[in-house]
Amino acid sequence: MAQSEGIERLITILEEEAPHLLEKREKKERRVGLPELKNAKKGKVVLRFAPNPNGPLSFGHARGIVINGTYAKEFDGELILRFDDTDTSIKPPLLSAYEEIPNEAEWLLGFKPHRIIIASDRIDQYYSYARQMLEQDFGYVCNCSADEFRQFRIGKINCRCRGQDKNLNLQMWEKMLDGTYKAGDAVVRVKTGMELKNPALRDWPALRIQDTEKNPHPRKEIGSKYRVWPLLDFQSAVEDHLQGVTHIIRGKDLMDSTRKQTLLYQHFGWKYPETMYWGRVKVHEWGGFSTSQMRKDIEAGKFEGWDDPRLPTISALKKRGITADALRNFWIELGITQKDISVPLATLYSHNTKKIDDFAPRISFVRNPKEIQLEGDYPKSISVPVHPNVESMGDREIDVSNSKIYIESSDFGDAKIRLKGFADFDFDGIKANHVSTERSDKRPIVHWVSEDSKIEACLIFPDDGKLTRIHGVLEKNNYDIGTTLQLERIGYGIMIDKSTILFTHE
RNA sequence: GCUCGUAUAGUGUAGUGGCCCAUCAUAAAGGACUCUCAUUCCUUUGACCCGGGUUCAAAUCCCGGUACGAGCACCA
């Protein structure tokens with residue numbers, strides 16, 4: 001029709017028949033922030049973040065806190081911080097983490113988690129559900145060895161314990177509890193089906209025995225009190241139900257956990273929470289690390305502590321001057337995709353710069369100082385702004401009456417330079433002759449520190465697993481420890497004591 | 001081996017059949033501003049894994065391939 005009667009005729013028809021087809025659709029807005037939470041009702045959302053307290057939080061944990069916490073806040077819901085401390089030998093908990101983790105979570109979020117649950121306080125609860133599982137015959141006590149059962153799992157073969165009478169199971173359960181069975185002798189399994197096509201789901205273990213005489217739980221109130229301990233999939237499933245968790249957001253390595261737990265929920269007649277998954281995140285500069293490994297390295301003295309600036313822990317990042325805001329924005333920007341990604345630190349630094357630049361006082365730090373003798377008729381006292389864009393931060397006064405200053409050795413060599421905020425000088429050896437106080441040409445501008453207002457100081461760069469200390473002279477100041485500064489022409493740093501600055505980033 | 005998942009510029013990310021010769025950020029390059037190699041601003045470069053299919057129309061749906069990752073622990 002367009003060819004025979006012309007496009008105008010078509011438009012006329014459309015205008016009469018279906019005007020909406022002609023409307024130019026609005027360009028869709030780009031989604032910002034976190035994706036929609038399925039089935040989330042304001043005020044009725046309960047999320048949780050469940051670390052193993054085998055060390056303080058690291059960079060990756062921040063994702064769990066930020067994402068879950070942000071949703072909780074967005075929906076006027078609750079965030080549960082849960083310590084999944086049910087292993088006493090392979091990943092034993094670290095006592096100090098029980099105190100540090102809530103503090104770090106609060107620092108990151110700006111609010112305290114609404115509930116704190118410690119799994120090791122809840123063992124009796126888990127026992128009662130384990131018993132119920134046996135009584136209702138959807139669980140059994142299995143005393144096959146782990147090796148034997150592996151073969152059964154591969155071969156889709158029911159093990160000899162599977163068909164036991166439930167009364168026998170309950171007797172065996174008592175033997176687990178009273179110590180007749182030792183670690184490795186028996187486990188409680190969930191009857192999910194050995195014929196399931198996903199081998200990970202076949203009659204998975206729910207509780208096992210640990211030798212807590214040999215490896216007591218580090219919390220003294222728990223110690224060797226229990227020998228039967230729930231495994232993660234069981235403990236987490238029961239606790240999520242007990243706490244009324246509505247949404248679980250976690251790593252995709254736990255996808256099969258969801259499936260295992262869903263089968264358990266079906267047995268109990270519970271409804272499984274909505275789940276979302278994220279992929280693995282690697283930081284280009286850090287590569288792989290694990291809490292257990294860091295713990296070993298710290299204990300071996302390779303690092304100064306959990307907040308050693310070379311470590312990817314929350315405390316180290318905080319110490320280095322990375323703000324909670326930056327960390328939060330960083331994780332929210334990455335979102336919740338299931339892709340395994342590798343991100344450069346530059347992305348985090350860029351978020352951090354946005355947060356600190358307006359508040360970071362400018363200050364001069366001269367690395368490898370070269371002493372210079374000033375000559376000529378120049379002002380003996382000068383004043384430069386603390387921040388070039390923020391007048392209210394005032395000025396810093398610098399006394400140069402004794403005519404001795406320092407510049408960086410690497411800046412020494414140009415015949416003509418301008419001392420920033422001061423004056424133009426021409427060099428004659430280490431003597432600098434005053435040329436003009438106003439800028440007289442396009443000569444390079446360098447920062448400097450005067451002899452009268454210098455502090456001997458040290459700048460620490462965390463670099464490639466090493467801490468590089470660079471000695472130099474710092475402009476004298478009254479900033480408090482913990483102040484984030486911008487070292488002119490170097491980058492941001494944080495004052496960790498009056499004569500030491502820890503480099504944050506460029 | 002079995003099971004599950006993911007694939008958009010260098011790096012991240014938006015996009016749920018026509019608004020897409022694809023968004024935004026970051027990185028890189030160039031420029032403006034600036035008495036910092038900072039901040040701010042502007043410009044440029046740059047991507048839908050491959051092959052089929054469905055459809056008038058596919059980044060988007062389906063099938064196959066490839067690549068990468070995860071689970072199959074009496075760890076979390």
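In what follows, chains carry the letters A, B, and so on, assigned in the order in which the sequence lines appear, proteins first and then strands, with residues in each chain numbered from 1. Only a predicted model underlies this, so the values are computations on that prediction, with no experimental measurement involved.
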key: Base of B:C75 paired with side chain of A:Lys91 (donor-acceptor, under 3.5 Å)   = yes
note = Of B:C37, B:U8, B:G5, the nucleotide closest to the side chain of A:Met255 is B:G5
request  = Kindly state which residues belonging to residues 188-198 of chain A come within less than 4.0 angstrom of RNA chain B, counting heavy atoms of the residue only, listed by number.
outcome  = A:Lys197, A:Asn198
note = Taking pairs as Watson-Crick (N1-N3 plus N6-O4 or O6-N4) or G-U wobble (N1-O2 and O6-N3), each distance under 3.5 Å, the stems of three or more consecutive pairs with RNA chain B are B:1-7 with B:66-72, B:10-12 with B:24-26, B:28-32 with B:40-44, B:49-53 with B:61-65
key: Base of B:U36 paired with side chain of A:Gln486 (donor-acceptor, under 3.5 Å)   = yes
query = What residues form a side-chain contact (heavy atoms from CB on, under 4.5 Å) with A:Ala130, not counting sequence neighbours?
reply = A:Trp173, A:Leu207, A:Phe234
task = Examine the side chains of A:Tyr272 and A:Gln266 and answer whether a donor and an acceptor come within less than 3.5 Å of each other.
result = no
query = If you look at every strand shown and take non-hydrogen atoms under 4.0 Å, does A:Leu232 touch a base, only sugar-phosphate, or nothing?
reply = base
I'd like a list of close polar pairs between nucleotides 27-29 of chain B and the protein, N/O only, cut-off under 3.5 Å.
none

request  = Look at A:Lys420 and B:U34 and indicate whether a side-chain polar atom (N or O) is within less than 4.0 Å of OP1 or OP2.
outcome  = no
Side-chain polar contacts of residues 211-218 of chain A - donor-acceptor pairs under 3.5 angstrom, sequence neighbours left out - could you list them?
| unit_1 | atom_1 | unit_2 | atom_2 | d |
| --- | --- | --- | --- | --- |
| A:Asp211 | OD1 | A:Glu213 | N | 3.1 |
| A:Asp211 | OD1 | A:Lys214 | N | 3.1 |
| A:Thr212 | OG1 | A:Tyr226 | O | 2.8 |
| A:His217 | ND1 | A:Arg219 | N | 3.1 |
| A:His217 | NE2 | A:Asp85 | O | 3.1 |
| A:His217 | NE2 | A:Asp85 | OD2 | 3.3 |

ask   = Which comes earlier along RNA chain B counting from the 5' end, the contact point of A:Ala423 or that of A:Ile154, where each point is its nearest nucleotide?
value = A:Ile154
N or O in side chain of A:Arg418 less than 4.0 angstrom from B:U36 OP1/OP2 = no
What protein N or O atoms touch nucleotides 64-69 of chain B N or O atoms at under 3.5 angstrom, if any, and at what distances?
| unit_1 | atom_1 | unit_2 | atom_2 | d |
| --- | --- | --- | --- | --- |
| B:G69 | O4' | A:Asp340 | OD2 | 3.4 |
| B:G69 | O2' | A:Asp340 | OD2 | 2.7 |

message = Base, sugar-phosphate or nothing for A:Pro388? Non-hydrogen atoms, less than 4.0 Å.
response = base
